[in-house]
Every structure is written in C-alpha cells, then in structure tokens.
Protein chains: 2
Amino acid sequence: MNIGDAARASGVSAKMIRYYESVGLIPSATRTDSGYRSYADADVHRLRFIRRSRDLGFSVTEIHNLLGLWRDRSRKSADVKRVAQQHIADLRRRIDDLQQMADTLQTLVACCAGNDRPDCPILANLERPGHAVTATRKKRRPRSPLTQR
Amino acid sequence: MNIGDAARASGVSAKMIRYYESVGLIPSATRTDSGYRSYADADVHRLRFIRRSRDLGFSVTEIHNLLGLWRDRSRKSADVKRVAQQHIADLRRRIDDLQQMADTLQTLVACCAGNDRPDCPILANLERPGHAVTATRKKRRPRSPLTQR
DNA sequence: GCTTGACCTTCCAGCCATGGAAAGGTTTAG
DNA sequence: CTAAACCTTTCCATGGCTGGAAGGTCAAGC
C-alpha cells in the first residue's frame, strides 16, 4: 500500500502523513526497494485515529499522548479522561474569548445606523473603547444541551 | 517619542509596531538623525485603534480596511457595519466549530469511568467514531444575553 | 572623558499544521 | 516505448506574533 492509498483510506493527506512521520508522531514507514513508503492496515488504522483526534481539535502533542495511551493496554481510563478534560477546558477558554468578541461587536453593530452618514459607534469604540460596552463582566454562557450532565 | 514610549502608551509592543510598519499597516515612522523611530500622539492614537481592533479579533487585513474607513471623513457607516458583521459571522463559525468539538468530547468524557481500568469510550471513539455521538445534528447555541436585539 | 545600562537598529529563526511547487525517480497501462 | 499517475526530497508560504543575536545610541553617574 503506497502513501496515496493510505491517504485515501485514512483521510490524512500524503503531505501530512510525511509530516507526522518527520515529527515523530508515527514511526518511519517501511520502504520498498525503490524508496516508496509502504503501509499496512494497522498504519491506516492509526492514521484514522490521528485524523479523528485532529478533528476534535487535539494538537499534535496531545495526539502523541493519546496514541501512547491507545497503545498501552494497561492504561488507566482516568489518564485518558484527564487529557480530554484539559482539552475541553482549552476549547472552552477559546470559545469564551471568541464569544466575548462577538458579543461586544454585536452590541456595537446594533448601535450602528448603517446608512450613508459617517457617524459610527463601531469606529468610535475602536478609537476609544466605551465603558458600557467593554466593561461588561464576563458572563458564563449557558451550557449547551449536549454538555449537560 | 521613541518606539518604547509609543509601545507603552498604546499597548502595542515595539516588536509589533515595527511589524505593522513592515507590512504597511501603518506608515513608516519618521526617524531621528541616529535612525531612531519617532512617534507623535496621533501615531499612538492609531496604534491604540489597532490594538483594540486586534482585541476584537480583526485580522491585519480587516484592520487595514477599518483604518481606511476611520481616516475617511466621508465614509458611510453602512460600510463599517458590513465589515463588522462579516467579522461577527466569522467569529460565530469558529465558535460553532469549537463548540461542536467540546460537545462531542464532553459526551465522551461523561461516558468514561475515569478509573484504573483500561476500557475507555474516549479512545474507542477516536479509534472508530461512534454514530450516536458524532452524528448529532448541529444545534444552534442559544443567543447569549448580549447578542439579543 | 569613560563606563554602564537602557535604549534603539536590523536580520534571522521559530511557532503550528498545512498547502504548494519544483525537480526528479518509479511504476503501470496501453 | 510512451504517457500519466504515482512517488521522492526540498524549499517556500501562510498569520501574528515572540525571541535572540549583533551592533549602534543616549543619558546618568563617576
């Protein structure tokens, strides 16, 4: 199985497979006599694991840990859970940051006439951040349905 | 006013001021005889505008547009509003992506015993994405209080 | 004057995960 | 035999910074 086949089968581009190999996320592939990388089903399996992890936003470093736990038959599920929870916390921080930006901008947009006149509260706020809009204390977003326990 | 003073006064690091100059976001600063960059209050004012825009997540390209509108006394507020609205849409896309990751992970975490045993639904899902968890239809998050009109 | 330390200058490299292109070798079908 | 579809390595670019190295400038204190 050449790299292109492994790429199609796993959903990881050939480029990224080579990259993952170069940074040590996956072991060096065996080579044919002519130097082509050769892959087996187990390799594709691992690549799919990586792909799915990336889709869930894990960094290469985190995936490295996850792969270690995956391979370790005597792992403790608590270790996996901790990695996942830390990642969730990270995602939530990023969500909160973006949400605060969006909220502030939404407030400003709502105040902007959006017509042919030059007066614009959005520019005014960028120029000199107003107190009311900026200083809103950080409100917790309501938990989304899926995250409720 | 040297670059360090401008940095302190604006909240933009000296490094970034040079960077913004190099990419054409701000005009080249005037120089002293010895080659030091020299800044006036108007420059600091502009840097603060940039800082605030970055804090709201605008890209350098978008800030370039915003600065143009800011300078243009005959701008239409509708133009500013459109830029802001597009940016809000972008923020919301990113939030939704992250939120979906967090939701999926939260579901998995909730299913994981988190004990000394190796069985782990999180790893199981990474290995072979389960249908129930992955295929949840995209649910709209409720609007946060600030974004309600 | 001379030293010291806080400035300033430019240039270069790295981060992260990825895409692209160049320049060449290999394999396979027709 | 040839064409096209592979594969290989290497370098470059992205965005928005941060850091460092090597060197010039300036102000205060001796």
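Reckoned from all heavy atoms, side chains included, excluding hydrogens, waters and symmetry mates. Letters A, B, ... mirror the listed sequences (proteins, then strands); counts begin at 1. Only a predicted model underlies this, so the values are computations on that prediction, with no experimental measurement involved.
- Applying the 6.0 Å contact sphere to CZ of A/Arg71 captures no more than 12 heavy atoms from other residues, nucleotides or ligands.
- Using bins of under 30°, 30° to 60° and over 60° for the plane-to-plane angle, the ring pair B/His45/B/Trp70 lands in the perpendicular bin.
- In this entry the distance linking CZ of B/Arg8 with P of C/dA6 reads 12 Å, nearest Å.
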A/Asp43 and A/Arg46: salt bridge (charged side-chain N to carboxylate O under 4.0 Å, His left out), yes or no, with the steps?
CA-CA 5 Å; A/Asp43 299 313; A/Arg46 177 168 39 207; 3.0 Å; yes
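- Counting heavy atoms from C-beta outward, B/Glu21 and B/Ile17 have side chains that stay 4.5 Å or more apart.
- With a heavy-atom cut-off of 4.0 Å to chain A, the contacted part of DNA chain D has its first and last nucleotide at D/dC6 to D/dT10.
- In this structure, the CZ atom of B/Arg18 is 12 Å from the P atom of C/dC11, given to the nearest Å.
- In terms of heavy atoms, B/Gly11 sits closest to B/Arg51 at O-NE, 2.7 Å.
- Mapped onto DNA chain D by nearest heavy atom, A/Asp5 and B/Thr32 fall at different nucleotides, with A/Asp5 at the one closer to the 5' end.
- Residues A/Asp103 and A/Gln99 have side chains that bring a donor and an acceptor to within less than 3.5 angstrom of each other.
- Here the CZ-OG distance, from A/Phe49 to A/Ser10, works out to 14.0 Å after rounding to the nearest 0.5 Å.
- Following rounding to the nearest Å, B/Glu21 (CD) and C/dC8 (P) show an atom-to-atom distance of 14 Å.
- In this structure, B/Arg37 does not reach the C/dC8 phosphate: none of its side-chain N or O atoms is under 4.0 Å from OP1 or OP2.
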What does the B/S/- profile of nucleotides 15-22 of chain C look like, 5' to 3', with a 4.0 Å heavy-atom cutoff to protein?
--BBSBB-
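- Contact annotation: the side chain of A/Arg92 approaches that of B/Gln106 to within less than 4.5 Å [non-hydrogen atoms, C-beta and beyond].
- Taking side-chain N and O atoms only, A/Ser34 has a distance below 4.0 Å to OP1 or OP2 of C/dT27.
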